[in-house]
Amino acid sequence: MASDAEKFTYLAGERGDRTRPARHDRKYWHLTLLLDRLRRVAASERLAGGERLLDFGCGNMPYRELFAQKFARHLGADIEGNAEAEFVIGPDGRVPAPDESFDGVLSSQVLEHVAEPQLYLSESYRLLRPGGSLILSTHGIWPYHPDPTDFWRWTQDGLVREITRAGFEVDEVHGVFGPESSALQLWQDSTYERLPRPLHNAYTWFFQTLIGLIERRQPDKLSQDASVYVVLARRPGPDATR
């Protein structure tokens, strides 16, 4: 089966710090709330932790420090061209590591970029020890953003179905944004480049302030129209059957 690693190479370049966005960043609340949801997962009693965490599609590994409290080693895997990755994903979509090599797999904003989600999820399952955790975030409502390409958007039901089809048991689902905030984010992003450059920061600040006011009113609501879903799942232990 053809894979992303066979067709594409890593897009090198400055990716910024996703954990410390500037107040006028176009994705300020998106990144701030995504970090908050990932912090909740990192602190969850359902995330057992262990020795080795694989950042599968790692980019510049922005959440390395966040998960250091649960995993002693944070190792990256990515398509060819990412010098920060310890593992290069092969043409078949596989990571050159033995079965059950990791205590956790982190997949942060990757699933929408892979051509074959089940291949990617099944590989995550293979790499995890029984009882190991999958921490996965991906987009629901969001603009097209190739890196190096962009294939999918998910509903909560569809995402949970794909993850369970690969053999996982889902423990937690969190969301970022509801429909109001998603609509404002889309409007901001679709009109941003039409404005004179001197107005960009003020325009972004205005929309991000509105989004912040909305999200503070419903901090824990899981919307069916979220812009991002964050899932904590696990490979069943040795007494379970796939």
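Computed from a prediction, not measured in an experiment: that's the story for all the values here.
- His145 contributes no side-chain N or O that, together with a main-chain N or O of Asp150, makes up a donor-acceptor pair within less than 3.5 Å.
- Note on Asp36 versus Arg40: salt bridge recorded, some NZ/NE/NH1/NH2 to OD/OE distance being below 4.0 Å.
- Here CZ of Arg197 is found 7.0 Å from OH of Tyr192. Values are rounded to the nearest 0.5 Å.
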Indicate every side-chain donor-acceptor pair of residues 226-236 with a distance under 3.5 Å to a residue at least two apart or in another chain.
unit_1: Ser227; atom_1: OG; unit_2: Val176; atom_2: O; d: 3.1
unit_1: Tyr229; atom_1: OH; unit_2: Ser223; atom_2: O; d: 3.2
unit_1: Tyr229; atom_1: OH; unit_2: Gln224; atom_2: O; d: 3.1
unit_1: Tyr229; atom_1: OH; unit_2: Ala226; atom_2: N; d: 3.4
unit_1: Arg234; atom_1: NE; unit_2: Asp171; atom_2: OD1; d: 3.2
unit_1: Arg234; atom_1: NE; unit_2: Asp171; atom_2: OD2; d: 3.0
unit_1: Arg234; atom_1: NH1; unit_2: Glu169; atom_2: OE1; d: 2.9
unit_1: Arg234; atom_1: NH2; unit_2: Glu169; atom_2: OE1; d: 3.1
unit_1: Arg235; atom_1: NH1; unit_2: Tyr125; atom_2: O; d: 2.9
unit_1: Arg235; atom_1: NH1; unit_2: Leu128; atom_2: O; d: 2.8
unit_1: Arg235; atom_1: NH2; unit_2: Glu100; atom_2: OE2; d: 3.3

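- Sorted by first and then second residue, the pairs that involve residues 26-52 and meet ring-ring contact (aromatic ring centres under 6.0 Å, His included), not counting sequence neighbours, are His30-His139, His30-Trp142.
- Every residue two or more places apart in sequence or in another chain that forms a side chain to side chain donor-acceptor pair (under 3.5 Å) with Glu162 is listed here: Gln118, Arg165.
- Clustering of Ile, Leu, Val, Met, Phe, Trp and Tyr by side-chain heavy atoms under 4.5 Å joins Val88 with none of the others.
- Shown here are the side chain to side chain donor-acceptor pair (under 3.5 Å) partners of Asp189, two or more places apart in sequence or in another chain: Gln185.
- Rounded to the nearest 0.5 Å, atoms CD1 (Ile89) and SG (Cys58) are 8.0 Å apart.
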- Run the side chain to side chain contact (heavy atoms under 4.5 Å, CB included) check on Arg18 and Leu34 step by step: do they pass? CA-CA 9 Å; Arg18 297 175 65 87; Leu34 174 57; 3.7 Å; yes

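- Here the CZ-OG1 distance, from Arg64 to Thr19, works out to 12.5 Å after rounding to the nearest 0.5 Å.
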- Verdict with supporting geometry, Phe102 and Phe71, ring-ring contact (aromatic ring centres under 6.0 Å, His included): CA-CA 10 Å; Phe102 298 93; Phe71 297 93; over 10 Å; no

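- In this structure, the separation between OG on Ser181 and CG on Asp225 is 11.5 Å, given to the nearest 0.5 Å.
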Give every donor-acceptor pair under 3.5 Å between a side-chain atom in residues 20-27 and any protein atom, sequence neighbours left out.
unit_1: Arg20; atom_1: NH1; unit_2: Asp17; atom_2: OD2; d: 2.9
unit_1: Arg23; atom_1: NH2; unit_2: Thr209; atom_2: OG1; d: 3.4
unit_1: Asp25; atom_1: OD1; unit_2: Lys27; atom_2: N; d: 2.7

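- Checked against side-chain contact (heavy atoms from CB on, under 4.5 Å), Arg39 has the following partners two or more places apart in sequence or in another chain: Leu35, Leu66.
- Every residue was checked against the side chain to side chain donor-acceptor pair (under 3.5 Å) condition with Thr164, not counting sequence neighbours, and none meets it.
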Which side-chain N or O atoms in residues 47-55 pair as donor and acceptor under 3.5 Å with protein atoms at least two apart or in another chain?
unit_1: Arg52; atom_1: NE; unit_2: Ser101; atom_2: O; d: 3.1
unit_1: Asp55; atom_1: OD2; unit_2: His74; atom_2: NE2; d: 2.9

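- Take Asp99 and apply the side chain to side chain donor-acceptor pair (under 3.5 Å) test, not counting sequence neighbours, and it matches Arg126.
- Partners of Glu172 according to the salt bridge (charged side-chain N to carboxylate O under 4.0 Å, His left out) rule, which considers only residues two or more places apart in sequence or in another chain, are Arg46.
- Hydrophobic cluster membership of Ile141, counting Ile, Leu, Val, Met, Phe, Trp and Tyr whose side-chain heavy atoms lie under 4.5 Å apart directly or via other members: Leu186.
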